[in-house]
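Notes follow the structure.
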Amino acid sequence: MNIAVIFAGGTGQRMNTKTKPKQFLELHGKPILVYTIEHFQYHKDIDGIVLVSLSGWLDYCHELIDKFRLTKVKAVIAGGETGQESIYNGLSKAKEIFSEDSIVLIHDGVRPLIDEKNITDCLETVKKKGCAITVSNAIETITIKGDDNCIEKMVDRSACCLARAPQCFYLKDILDAHNKAISDGEKQFIDSASMMQYYGHKLYTVEGVPENIKITTPSDFYIFRAIVDARENSQIFG
């Protein structure tokens, strides 16, 4: 089985929205979160989706699932106090519904600009190598800053990439890493990839599309809107 755990638990403080968390902001009548889920809903190899959301927005998530006919969403659950805990909740729920030998794709609810090929490449890479971390190549010079805002080192850009999502593993492997982190006193990691590497897993990359940004700020939303509108126009005008 191939399943997606989509994390939509952020409050969107950097978006400066007064009404809704960022994942529920709408573009052309459709929330960002729905744009994201639809990539997995319509992918032929995805068997199910677990959605992790803010506890006060679970009913609204169910309304969206019904409205947009997101039939592959098999569970909607509340997140935890941290992003890591929220993902663990989603993975644990996935284990209740699916086999622990399933492939799980962990994805941000506010990354709606992935594509079908990204998901397919991730699934194939996990089958061959055990994991798949979506990345995009660095397009600007990378520096390491030291004391007094002094640049200590210029890094070879050709060797650098940005870790993004989805990040994909066998369900049993990522759950094992989470359980080790819990045993280590709730040790915190920036993302699933860093957790897996810390506990000895070799990570393999899958190159995603450059526009696979995380919508965090108002500027990100405007970029998202421009890309969606450009894609719509290309279908109309060729």
Side-chain angles (χ1 to χ4, degrees), residues 1-10 40 45-52 75 77 79-109 111 114 117-138 142-146 152-153 155-209 212 214:
M1 304 286 281
N2 302 316
I3 56 180
V5 170
I6 298 178
F7 168 61
F40 299 91
D45 294 326
I46 296 297
D47 300 299
I49 300 166
V50 173
L51 177 61
V52 185
I77 64 168
E81 295 183 1
T82 65
Q84 185 168 309
E85 184 179 341
S86 296
I87 291 172
Y88 179 70
N89 289 353
L91 295 171
S92 299
K93 188 64 178 180
K95 185 181 177 182
E96 292 179 15
I97 303 172
F98 306 97
S99 165
E100 66 174 9
D101 292 323
S102 299
I103 293 174
V104 60
L105 298 87
I106 301 170
H107 194 65
D108 301 309
R111 285 192 191 271
I114 59 170
K117 183 177 184 300
N118 193 170
I119 295 173
T120 299
D121 290 348
C122 282
L123 292 172
E124 291 302 315
T125 300
V126 174
K127 291 174 185 176
K128 293 176 182 177
K129 299 182 177 180
C131 75
I133 309 301
T134 301
V135 301
S136 62
N137 292 327
I142 308 295
T143 66
I144 297 176
K145 185 173 68 173
E152 290 189 348
K153 184 179 181 180
V155 183
D156 182 3
R157 184 173 64 192
S158 65
C160 295
C161 56
L162 305 176
R164 291 183 164 170
Q167 298 184 351
C168 316
F169 316 93
Y170 282 105
L171 179 57
K172 60 184 177 184
D173 292 339
I174 185 62
L175 270 174
D176 179 64
H178 271 273
N179 289 326
K180 288 177 179 176
I182 293 170
S183 298
D184 287 342
E186 304 290 345
K187 186 173 178 64
Q188 294 296 306
F189 297 89
I190 191 67
D191 61 4
S192 299
S194 58
M195 175 188 288
M196 290 291 277
Q197 186 176 60
Y198 181 84
Y199 290 114
H201 292 267
K202 193 171 183 178
L203 304 180
Y204 295 91
T205 62
V206 166
E207 187 171 345
V209 292
N212 181 19
K214 186 175 182 180

Is the NZ atom of K117 crowded by more than 12 outside heavy atoms at less than 6.0 Å?
-> no
OG-CG distance between S92 and N179, expressed to the nearest 0.5 angstrom | 7.0 Å
Using atom types as modelled and distance alone, determine if a side-chain donor or acceptor of Q188 lies under 3.5 Å from a backbone N or O of Q84.
-> no
Are the side chains of F7 and L51 in touch, meaning some heavy atoms are under 4.5 Å apart?
-> no
Smallest separation among heavy atoms of A177 and Y199, with atom names = O-CE1, 3.6 Å
Do the side chains of N89 and K93 get nearer than 4.5 Å, heavy atoms only?
-> no
Carefully, step by step, assess H178 and L91 under the rule side-chain contact (heavy atoms from CB on, under 4.5 Å).
-> CA-CA 9 Å; H178 271 273; L91 295 171; 3.5 Å; yes
Which atom names give the shortest non-hydrogen contact between C160 and D156, and what distance separates them?
-> SG-O, 3.4 Å
Under 3.5 Å, is there a donor-acceptor pair between the side chain of S102 and the main chain of V104?
-> no
Hey, are N212 and S136 close enough side-chain-wise for a donor-acceptor pair under 3.5 Å?
-> no
Side-chain heavy atoms of I114 within contact of H107, under 4.5 Å | yes
Take C122 and T134 through the side-chain contact (heavy atoms from CB on, under 4.5 Å) test and state the conclusion after the steps.
-> CA-CA 7 Å; C122 282; T134 301; 3.5 Å; yes
To the nearest 0.5 Å, what is the distance between CZ (R164) and CG (D108)?
-> 11.0 Å
Please name the pair of heavy atoms, one in A193 and one in Q167, separated by the smallest distance, quoted to 0.1 Å.
-> N-OE1, 2.9 Å
Closest contact, heavy atoms only, S99 versus L171 = O-CD2, 3.7 Å
Report the distance from atom CD1 of I133 to atom OG of S194, rounding to the nearest 0.5 Å.
-> 9.0 Å
Neighbour count >12 (heavy atoms, 6.0 Å) for atom CD, Q197 | no
Side chains of I119 and N2: closer than 4.5 Å at any heavy-atom pair?
-> no
K127 NZ to C168 SG distance, which is reported to the nearest 0.5 Å = 12.0 Å
So, K180 and D176, do they make that salt bridge, N to O below 4.0 Å?
-> yes
Of the non-hydrogen atoms in A181 and F189, which two are nearest, and what is the gap between them?
-> CB-CE1, 4.0 Å
Report yes if the distance between the aromatic ring centroids of F169 and H201 is under 6.0 Å, otherwise no.
-> no
So among I87, I6, V52, I3, which one has a side chain to side chain contact (heavy atoms under 4.5 Å, CB included) with I106?
-> I87
CE (M1) and CD1 (I46) are apart, to the nearest 0.5 Å, by 10.5 Å
CD1 (I182) and CD (E85) are apart, to the nearest 0.5 Å, by 8.0 Å
Answer yes or no: is there a donor N or O on one side and an acceptor on the other, between the side chain of S86 and the main chain of G80, under 3.5 Å?
-> yes
Any side-chain heavy-atom pair from N118 and P166 closer than 4.5 angstrom?
-> yes
Y198 versus D184, side-chain donor and acceptor atoms under 3.5 Å | no
Decide side-chain contact (heavy atoms from CB on, under 4.5 Å) for L123 and I103; before the verdict, give the C-alpha distance in whole Å, the side-chain angles of both, and the deciding distance to 0.1 Å.
-> CA-CA 7 Å; L123 292 172; I103 293 174; 3.8 Å; yes
Do E207 side-chain atoms and T205 backbone N/O form a donor-acceptor pair below 3.5 Å?
-> no
